[in-house]
Undergrad: 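Below is one structure. I have some questions about it.
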Amino acid sequence: MCPSPNAPSPAEPGAEPESASDAGAKLNFVEQEIEKDIAEGKAPKGVITRFPPEPNGYLHIGHAKAICVDFGIAEKFGGHCNLRFDDTNPAKESQEYVDSIKDDIRWLGFDWGDNEFYASDYFEDLFGFAVQLINKGLAYVCDLNAEDTRSYRGTPHEPGKNSPYRDRSVEENLALFQKMRDGELPDGACTLRAKIDMASANLNMRDPVLYRIARAHHHRTGDTWCIYPMYDFAHGQSDAIEGVTHSLCSLEFENHRPLYNWFLENIDGIGSPRQIEFARMNLTYTITSKRNLLGLVEEGHVSGWDDPRMPTIRGLRKRGYTPEAIRKLCDSTGLTKFNALHDMHLLENALREDLNKRADRRMAVLKPLKVVITNLGEDESIAREAVNNPEDGEGTTRTVHLTREIWIEQDDFREEAPRKFFRLKAGGDVRLRYGYVIHCDEVIKDSSGEIVELRCTYNPDTADGKTPEGMKKVKGIIHWVSARDAVDAEVRLYDHLFREPQPGSGDRSILDDLNPKSMEVVLNAKLEPALGEAPVGERYQFERLGYFVRAEGPGVIYNRAVSLRDSWAKIEKKS
RNA sequence: GGCGGCAUAGCGCAAUUGGUUAGCGCACCAGAAUUUGACUCUGGGGGUUUCAGGUUCGAGUCCUGAUGCCGCUUCCA
């Protein structure tokens, strides 16, 4: 079905609407370009994009942006997105990475259906394309070694010079290229190069290498091949083979676009995908460079690629992040060509916003201080209903028991409290969340002067937020856990991995900027009993503290994903 | 000294493609409400649209030049 120029609507009857502007949303510059292409009939089978990871590492938050863009735009235009592994360099790639990448993409909530492809599936096609170029006099086998190839290429300021092997005959090139494939030449002996222009202002056009000889075991093709195509020779052609209409990539490939197009123009009837570049997403207080991330792992600054402080998808997962929060960030940061640096707080806010709606509330005391309620008997306990989540509209509750001995947060008591300290102080009152107002009668210290216990009385007339006649309304509310019922736990308090917004900028190194307080392990936290039974991966809001996720044992362990906003901390900081 | 990009509140993005007083989110400040100092709600401050020329009745938008930043010198992707 070929649309006429005057009736460019490419949609088949019953197909999804081809115009994204139907949705009424503002289009970013990529979507505007795609819209134009559709109007010109350039995507007769719908918009097809691709996400093309090289399986040589784990996905990180930067990849999440690309995934959201590639899958999101395809969906917006009623098309689809292929998952294609760009596995053209076997020395660095492995099946393990393929598996982890697929797992992470699924976790993020995207589905490629049957559209899973590998550049290595096209090795035979690619070889044929290369032969075609040789036959057209557009490619040649070059015997220059790597070093000479580099020096012949010139620099950005000076032109390169032609390889002495540039003018070999078609027959000779054909024979040599076959020899390369047949394994008759040692690694590095020669390369196949495109014959373009050694004086081009664009270095990528100075007779780029198409194939190198490398005897490396490929995770999919095994030892079938000893020559492998370079990225530039594989990418556009793979796009074309798959019928990709829009190949969206990061800004650094802008200079490659002329080469991308050169191949498409010089290989017969292959198709014409369009490459459009956009800026990748950078976040403050973290890094996404694969080399530096690897360094952190290898030098033991983190526990692994899935350390909850790492910007990897696996790390974020363990940290307690939701796919929804990550997608929210990616969607809200816009799509432009401006090399932007986004505030990490946006990601944290996205998580708070998501979990505020979904996470059940629980009470947990991280740094416990014992409180004895002297007007409650040893065996007495008062059952109180606590709302699980005031935001989800369901209003389900659980029961917590107030007992004679409870734990409160050390931070929630001051002997001498500053102005505006709405918590418990010596001789003062505070309300226990879901409970009663208590009055601090006595502060008990050990021989070194450390506060070890508070003796308080509770006021039975203050249940359910009531303030009896004549009593001043108590403003402060603190969380607590019954000492009788408490579950002991380890809680890991995570913070930014780096203490500088732009780690390693200026003359500092990445390591100079590591945050020494990026993880604090609290060993004897006291949790309300329900938290002891939660499954691994379950997320909760610990009231007044933050959002936490149950981690793998042994024992009960929680990771802090993100703290709650804390305006008291801000007030204190100022004074 | 080359080539390719980019530049709009502190940060990130809009601005009906040349048309009123340049908007939005976050951040910030103030207040309201509240059994989480959370969430929510209301209001507020903050701009020489990098700079200099030009075209036009009219320029954030078009043209010229300058400045700053990013990328390009892997047989990596």
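So that the names make sense, note that chain A is the first sequence line, chain B the second, and so on, each numbered from 1.
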Undergrad: Measuring centre to centre across the rings, with the benzene-like ring taken for any Trp, is A:Tyr165 within less than 6.0 Å of A:Tyr140?
TA: no
Undergrad: Starting at the 5' end of nucleotides 7-14 of chain B, put B wherever the base has a protein heavy atom under 4.0 Å, S where only the sugar-phosphate does, and a dash everywhere else.
TA: S---SSSS
Undergrad: Mind checking if A:Arg544 touches a base, just sugar-phosphate, or nothing, with heavy atoms under 4.0 Å?
TA: base
Undergrad: Between A:Tyr540 and A:Arg361, is there a cation-pi geometry (under 6.0 Å to ring centre, at most 45° from the normal)?
TA: no
Undergrad: Where does B:U34 land, syn or anti, once you apply the within-90°-of-0 test for syn?
TA: anti
Undergrad: Could you work out which one of B:U36, B:U35, B:C75 sits closest to the side chain of A:Asp464?
TA: B:U35
Undergrad: Give a yes/no verdict on base stacking between B:A77 and A:Tyr231: centres under 5.5 Å, planes within less than 30° of parallel.
TA: no
Undergrad: From the options B:U35, B:U74, B:G5, select the nucleotide whose nearest atom is closest to the side chain of A:Arg384.
TA: B:U35
Undergrad: Would you please indicate yes or no on a ring centroid separation below 6.0 angstrom for A:His235 and A:Tyr231?
TA: yes
Undergrad: Would you check if the distance from the ring center of A:Phe548 to the ring center of A:Phe542 is below 6.0 Å?
TA: yes
Undergrad: Tell me which nucleotide among B:U34, B:A77, B:C75 gets nearest to the side chain of A:Lys475.
TA: B:U34
Undergrad: When rounded to the nearest Å, what value does the distance between P atoms of B:C11 and B:C51 take?
TA: 15 Å
Undergrad: So, are A:Glu353 and A:Lys328 salt-bridged, with charged N and O less than 4.0 Å apart?
TA: yes
Undergrad: Using ring-ring contact (aromatic ring centres under 6.0 Å, His included) as the criterion, list what pairs up with A:His219, not counting sequence neighbours.
TA: none
Undergrad: May I ask you to decide whether A:Asp104 forms a salt bridge with A:Lys102, counting only side-chain N to carboxylate O separations under 4.0 Å?
TA: no
Undergrad: Would you measure the distance from the C1' atom in B:G45 across to the matching atom in B:C29 and give it in whole Å?
TA: 7 Å
Undergrad: On RNA chain B, check which nucleotide each of A:Glu391 and A:Leu144 is closest to and give me the residue with the more 5' one.
TA: A:Glu391
Undergrad: Going by number, which of residues 192-208 of chain A have a non-hydrogen atom under 4.0 Å from RNA chain B?
TA: A:Ala201, A:Leu203
Undergrad: With the threshold set at 4.0 Å, does a side-chain nitrogen-carboxylate oxygen contact exist between A:Asp412 and A:Arg544?
TA: yes
Undergrad: In whole angstroms, how far is the C1' atom of B:C70 from the CD atom of A:Glu277?
TA: 14 Å
Undergrad: Can you figure out which of B:G37, B:C76, B:G5 approaches the side chain of A:Met230 most closely?
TA: B:C76
Undergrad: Measure from the side chain of A:Ala146, starting at C-beta and using heavy atoms only, and say which of B:U36, B:C75, B:C72 lies closest.
TA: B:C75
Undergrad: How does protein contact run along nucleotides 60-67 of chain B, one letter per nucleotide 5' to 3', with B for base contact, S for sugar-phosphate only, - for none, heavy atoms under 4.0 Å?
TA: --------
Undergrad: Do the ring centers of A:Trp568 and A:Phe421 come within less than 6.0 Å of each other?
TA: yes
Undergrad: Check this for me: does the side-chain of A:Arg257 come within 3.5 Å of the base of B:G4 through a donor and an acceptor?
TA: no
Undergrad: Between the side chains of A:Glu93 and A:Arg220, is the shortest nitrogen-to-carboxylate-oxygen separation below 4.0 Å, so that they form an ion pair?
TA: no
Undergrad: When you compare B:G46 with B:G10, how far apart are their C1' atoms, in angstrom units rounded to a whole number?
TA: 9 Å
Undergrad: What stems, by residue range, does RNA chain B take part in, given at least 3 consecutive Watson-Crick or G-U pairs under 3.5 Å?
TA: B:2-7 with B:67-72, B:10-13 with B:23-26, B:28-32 with B:40-44, B:50-54 with B:62-66
Undergrad: Both A:His157 and A:Tyr434 contact RNA chain B. Which one's nearest nucleotide lies toward the 5' end?
TA: A:His157
Undergrad: What's A:Phe421 touching, base or sugar-phosphate or nothing? Going by heavy atoms closer than 4.0 Å.
TA: base
Undergrad: Nearest to the side chain of A:Pro156, heavy atoms from C-beta on, is which of B:U73, B:G37, B:A77?
TA: B:U73
Undergrad: Which value, in whole Å, describes the distance between the P atoms of nucleotides B:C63 and B:G18?
TA: 11 Å
Undergrad: Could you pull out all residues at least two apart from A:Phe123 that satisfy ring-ring contact (aromatic ring centres under 6.0 Å, His included)?
TA: A:His218, A:Trp225, A:Tyr228
Undergrad: Picking from A:Lys179, A:Arg168, A:Arg166, what satisfies salt bridge (charged side-chain N to carboxylate O under 4.0 Å, His left out) with A:Asp143?
TA: A:Arg168
Undergrad: Does the cation-pi check pass for A:Arg181 over A:Tyr211, that is, NZ or CZ under 6.0 Å from the six-membered ring centre and within 45° of its axis?
TA: no
Undergrad: Provide the distance between the two C1' atoms, one in B:U21 and one in B:C62, to the nearest whole Å.
TA: 24 Å
Undergrad: List the steps and the verdict of side-chain hydrogen bond (donor to acceptor under 3.5 Å, both in side chains) for A:Glu348 and A:His496.
TA: CA-CA 11 Å; A:Glu348 296 166 351; A:His496 300 153; 2.8 Å; yes
Undergrad: Mind checking the C1' distance from B:U16 to B:A7? Whole angstroms is fine.
TA: 23 Å
Undergrad: What's the closest nucleotide to the A:Glu54 side chain, out of B:C75, B:G37, B:C76?
TA: B:C76
Undergrad: In terms of side-chain heavy atoms of A:Arg431, which of B:U35, B:G5, B:C75 is nearest?
TA: B:U35
Undergrad: Taking the six-membered ring for Trp, are A:Tyr97 and A:Phe85 closer than 6.0 Å centroid to centroid?
TA: no
Undergrad: Taking atom P in both B:U8 and B:G54, compute the distance separating them and give it to the nearest angstrom.
TA: 24 Å
Undergrad: Between B:U48 and B:U67, how far is it from one P atom to the other, in whole Å?
TA: 23 Å
Undergrad: Does A:Glu31 pair with A:Lys26 as a salt bridge, N-O distance under 4.0 Å?
TA: no
Undergrad: Report the nucleotide, chosen from B:G37, B:G5, B:A77, that has the shortest atom-to-atom distance to any side-chain atom of A:Trp568.
TA: B:G37
Undergrad: Choosing from B:C26, B:G37, B:C29, which nucleotide comes nearest the side chain of A:Asn349?
TA: B:C26
Undergrad: With a 4.0 Å cut-off on heavy atoms, is A:Lys357 in touch with a base, just the backbone sugar-phosphate, or nothing at all?
TA: nothing
Undergrad: Under 4.0 Å, counting only non-hydrogen atoms across every strand here, what does A:Thr191 touch: a base, just sugar-phosphate, or nothing?
TA: base
